[in-house]
Every structure is written in structure tokens, then in C-alpha cells.
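First up is the structure itself, then whatever we jot down about it.
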Protein chains: 2
Amino acid sequence: MEEKLPVFESIFSIDCLIFGFEAGVLKILLIERGDEPFKDWFALPGYIVKQDESLDDAADRILYELTGLRDLPMKQFHTFGEVNRHPQGRVITVGYYALIRVNSQKELRPTAHLARKAIWHPVSDLPKLAFDHTDIFNKGFAKIRRRLNHQPIAFDLLPEKFTLTQLQGLYEAILDKKLDKRNFRKKMLSYGFLKELVEKQKGVSYRAAKLYKFDKRKYAKIFQNELTAE
Amino acid sequence: MEEKLPVFESIFSIDCLIFGFEAGVLKILLIERGDEPFKDWFALPGYIVKQDESLDDAADRILYELTGLRDLPMKQFHTFGEVNRHPQGRVITVGYYALIRVNSQKELRPTAHLARKAIWHPVSDLPKLAFDHTDIFNKGFAKIRRRLNHQPIAFDLLPEKFTLTQLQGLYEAILDKKLDKRNFRKKMLSYGFLKELVEKQKGVSYRAAKLYKFDKRKYAKIFQNELTAE
DNA sequence: ACAAAAGTGTTCTTTGTACACCCATGA
DNA sequence: TCATGGGTGTACAAAGAACACTTTTGT
């Protein structure tokens, strides 16, 4: 602490890209802003990092304040630092993402005034977003699409028990293309980390499908070498 | 500009991970610090972002001031925001990396006082670095290792004309494992983006190897679909 | 009985991997 | 002539891609 650092009036913030999968549609969480700038616009949940909290902690806190969601496994994906990205001053923002089960979450309840409300919105039809949030979305979504091929991130979006058809539908929603049913199932099952349950799907007016679980322990065993990758 | 943003005394900085390949050894660029804190320590070239420059611009400027190198194709890889990572206050830093040709560069000539000198240091034997720079190095190096399998980043480290053995040596240095000569060559040539030159290696006391060039145009044509990936 | 989705194999192509010897050159 | 790295091919295994019909169930 011997010498002083030069101080600039600059701020950093967090913006969160929270994906969910509901009724076969891929969605993200948006807030409707109740304050200027961009009052009444839709935006990614995001706000300013405090001086005494790490980025990861800030991401948790901010998401909670703006949406009511808590303790999601968020990961950083990119930092956006264009000089004029915020109309009120220099704000550098760190983008975080998470993939979650929509229905496992309580109702969306922002506590901060900035968020008038929080909603799930289909990614295929996003409105114009505040600030450079559309860029942030695009960058983050591209990253997730790439990661889908290497990491078991899809299971975070599904209920604990799911059918292979649901899983395939999710892959198709994220990758935005049709996949071959037989090849998809063969490949998924060949990994060995899906656990077949005795229980079957209920309440459908056609042949009930088998339910599966994602088995984290098996996954960790099988891919312990590759876990170095993130 | 209607309302004021809350202002915290926080700072962001850039740290650069510059890789080079010299005499068959993978190296990174370090500075020896001439100022507190961590005076006399080795560190990654890094300093504070000004208020009126983007992160990318700041990375270029800072690297130039601390090492004399200019206009490298640097890319952001991660942002480090632990509260106590800097002993003098809250400093969030954005990590950038680049891979370059060591010999294509002029002498290393820092202009900023902070860098007493800049040197190339083998990655296999790094000293303790200032701040959390060892963590930053590990994270960045891991990223590059992964990227090596998907992107033609190795060619940035080699002279314009190179032999297949040199290329293989570089892959082996980055991945830290031996590769099979025949399989390596077959695979590289099968991509179709290496251009065989008529010119051959000179000045060696054994059979002269063919020289190759990396053909960016062909690469772009072949992989235009996958270029969405970064 | 019919509508709707579940479930299932084979063939071919591509990619990866293991492995060892002769060749050309300069000293 | 010898030491040094340059250069080459084959066989097998694994993974990916194309492709269509029968089965189960609820209504």
C-alpha cells in the first residue's frame, strides 16, 4: 500500500445471460427497466459491481436483486469495454451466463427498483435490448452453441428426469437444426453418463417414453482427463 | 446523461500473455518491474486502462509502452476480479493473449518506467510472478492449448516459411507431448491450407526439408462455415 | 382402428492411430 | 562413409452420417 494508484472514474458491471428451456422453446431472462437510461426497455439483468465483492459474487448478488434467482452456476464469458457503450459514462461490463431449469425456480421477483419485472423471452424473437446487450447476447449465445458439443451443459436446462426426445429437442433448439433421431440416441447413450430409469413418462396420449437422468458421477469418471477444459 | 452513475474508486487494467517460439522453445514475454509494488519481480506486461480508450486499444498501447511491441493481434481470454488481487486497491484486470514471431520483432524496448526491461522467458520454467500473474498465465495457456486443436494459431508463432518438422515441434512444445511424425504430416497436409514452396531449407548439415507457407486465403475458404467459432 | 411418438440396425465414409524403414545431404 | 533428420504407406479401430420401418399406447 506504499504508493497510490492513479484513479479514474470508471465503473465495472455484470450482465447476465440466463438461458431456460420451456415448452420446447429456448428462452432467456430479461428485465424491463424501470429507470433511466433505457427506461421501459428490455435488458439483460445487470448492474454495477461493488468494491468489496469479487466478480463472481457480484454476479450472484445482482442476478438475485434483479430477478429473484439465486446461486446459479454462472460462468464468465467475455468482457465488453467499448468507450461509449454506456451513455452515462465509462462502464466496462463482464458477461456471465448460466443455463437453468425454468420450472425448478420460484416466481421471478425482482427486489431492486431498476427491474420493473423479469420475464422469460424466446431467443428466436428478441426485442431490441438496452445498451449493447444485443451484442452481449450474440457473443454469449455463440459461445454456448460451441460449448454444447464438448460439454454436458444441456442437462442443466432440463428437468431432472427427461426423455431422449426432449433432450434432442433441446439440442435442436440451441443449434437451430434438425438432428437424426437414431444417431442422436446412439451417441448420447454411448457416452455412458445417462442413467435409464424404470419410471416412464406419464400423461401422454401415446406410447410413454423411458425417462433418463444425467449421472454427474459417471460423467466425472469418464471424462476426468478432459475436465481440464472448461 | 440525465442521472449520475454511482462512482466507486475502482480501476481496470490489462495484462498481456505474449507467446513466442524461439530455438524450439515456447516462451512468454515478461517484464522486470522497476516500481513498487512487486519492484524487481517478473510480471506480465500490464497496466491501467485509460478512460477514453477501449479495452482492445488499451491492450495495444500498454503492450507497446512496456515492451516496444506494437499492433499484435491480441485477443481477450478472461477477466480476473478477486477483491484482493492487487495490494494497493481494487483492480480488475482483463487478460489478453497473442502469439507472435519472435524474430520478426525489433528489439524489446520498454518506454514506460515501470518496465525496467522486457525479456522472453521459457514457459516451462517460469519464476514466481507478481500479483496473481501466475494464475493468469495458467488460465491463458490452458485456453491456447485447447484452441490449438481447432484453430490455426500455431502459424503465428513460426516464420513465414517453415518446415513440417518445425511445425510439429511447436505443437509438441505447446501440448507438451510427442506426436507421431507420419500421422502429424498426413493430417496437416490433408487440411489443404499449407502451400508447398519450391524453396528448401538452407544451411543445415543434413537433407534439406521442404518449406511451407500457411495460406490464409485457402484456410478461409475451407473453413468459412466454422469461422463463426472464435 | 388410428394417430402420435417411441424405439431400433446396418452400411458406408471419414478420421484417428499404431507402427519402421529407406533417402538425401553435408561434414 | 557416416550421422542426421527428411520423407513415406498400410492396416486396423473408432466415430460420424445416411437412411425407414415396427411397436406401443391412449383415444
Side-chain angles (χ1 to χ4, degrees), chain A residues 23-25 145-146 148-152 154 158-159 161-173 175-213 222-223 225-226 229, chain B residues 21 23-25 145-146 148-152 154 158-159 161-173 175 177-213 222-223 225-226 229:
Chain A
V25 178
R145 239 190 257 118
R146 265 174 276 137
L148 185 64
N149 296 317
H150 310 297
Q151 297 283 316
L158 291 174
K161 303 170 182 182
F162 52 86
T163 69
L164 290 178
T165 300
Q166 286 170 335
L167 183 61
Q168 183 176 344
L170 174 53
Y171 271 74
E172 290 177 343
L175 300 174
D176 194 26
K177 66 176 176 190
K178 284 279 165 202
L179 301 173
D180 179 86
K181 184 157 76 160
R182 279 173 293 188
N183 291 339
F184 181 81
R185 295 160 96 95
K186 200 192 320 172
K187 189 175 167 185
M188 279 298 151
L189 293 174
S190 77
Y191 288 136
F193 53 58
L194 290 185
K195 188 175 176 183
E196 186 180 325
L197 305 176
V198 286
E199 199 179 341
K200 296 206 169 170
Q201 204 177 22
K202 276 175 190 161
V204 290
S205 72
Y206 46 81
R207 178 175 177 181
K210 284 180 197 164
L211 289 170
Y212 291 82
K213 251 186 174 172
I222 300 168
F223 293 93
N225 304 324
E226 302 178 30
Chain B
F21 188 58
V25 178
R145 238 189 258 118
R146 265 174 274 137
L148 185 65
N149 296 317
H150 310 296
Q151 297 283 314
L158 292 173
K161 302 168 183 183
F162 52 85
T163 69
L164 290 178
T165 299
Q166 287 170 334
L167 183 61
Q168 183 177 344
L170 173 53
Y171 270 75
E172 291 177 341
L175 299 175
K177 65 176 177 191
K178 285 279 166 203
L179 301 173
D180 179 86
K181 185 157 75 159
R182 278 174 293 187
N183 291 338
F184 180 82
R185 295 161 97 96
K186 201 193 320 172
K187 189 175 167 185
M188 280 297 150
L189 294 174
S190 77
Y191 288 137
F193 53 57
L194 291 185
K195 189 176 175 182
E196 186 179 324
L197 304 176
V198 286
E199 198 179 342
K200 295 206 171 172
Q201 204 178 21
K202 275 176 191 160
V204 290
S205 71
Y206 47 81
R207 177 175 177 181
K210 287 179 196 164
L211 289 170
Y212 291 83
K213 251 187 175 172
I222 300 169
F223 293 94
N225 304 324
E226 303 178 30

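Hydrogens, waters and symmetry mates are skipped; everything else that's a heavy atom, side chains included, is used.
Rounded to whole Å, atom P of C:dG9 lies 13 Å from atom NZ of A:Lys181. Straight-line distance from the CZ atom of A:Arg185 to the P atom of C:dG9: 12 Å, rounded to whole Å. In this structure, the OH atom of A:Tyr206 is 6 Å from the P atom of C:dA5, given to the nearest Å. Protein atom CD of A:Glu172 is 14 Å distant from nucleotide atom C1' of C:dA5, rounded to whole Å. B:Gln168 places its CD atom 14 Å from the P atom of C:dT17, with the value rounded to the nearest Å. Rounded to an integer number of Å, the gap from A:Leu194 CG to C:dG7 P is 13 Å. Between the NZ atom of A:Lys200 and the P atom of D:dG26 there is a distance of 11 Å, given to the nearest Å. Regarding A:Phe184, its CZ atom lies at a distance of 18 Å from the C1' atom of D:dC19, rounded to whole Å.
Projected onto DNA chain C by closest heavy-atom contact, B:Arg182 and A:Tyr212 fall at different nucleotides, the more 5' of which corresponds to A:Tyr212. Judged by closest nucleotide on DNA chain D, B:Leu189 is the one of B:Leu189 and A:Lys187 placed further toward the 5' end. Between A:Ala208 and A:Asn183, the residue anchored nearer the 5' end of DNA chain C, judged by the nucleotide with its closest heavy atom, is A:Ala208.
Here the closest heavy-atom approach between residue A:Gln166 and residue A:Lys161 is recorded as OE1-O, 4.4 Å.
Put simply, the residue from A:Leu167, A:Thr165, A:Leu189 that forms a side chain to side chain contact (heavy atoms under 4.5 Å, CB included) with A:Phe184 is A:Leu167.
With hydrogens and angles ignored, a donor-acceptor pair closer than 3.5 Å exists between the side chain of A:Lys186 and the base of C:dT10. The base of D:dG6 does not come close enough to the side chain of B:Lys210 for any donor and acceptor atom to sit less than 3.5 Å apart. Between the base of C:dA6 and the side chain of A:Arg207 there is a donor-acceptor pair shorter than 3.5 Å.
Neither OP1 nor OP2 of D:dT25 sits under 4.0 Å from any side-chain N or O of A:Ser205.
Ring geometry for A:Tyr191 against A:Phe223 counts as perpendicular: the plane angle is over 60°, on a 0 to 90° scale with 30° as the lower cut.
Counting any heavy atom pair closer than 4.0 Å across all strands shown, A:Thr165 reaches sugar-phosphate atoms only and no base atom. Residue A:Ser190 is classed as having no contact, given no heavy-atom separation below 4.0 Å to the nucleic acid.
Atom CG of A:Asp176 sits in a sparse spot, with 12 or fewer heavy atoms from other residues, nucleotides or ligands closer than 6.0 Å.
Proximity of B:Lys177 to B:Glu172: side-chain heavy atoms (C-beta onward) are nowhere separated by under 4.5 Å.
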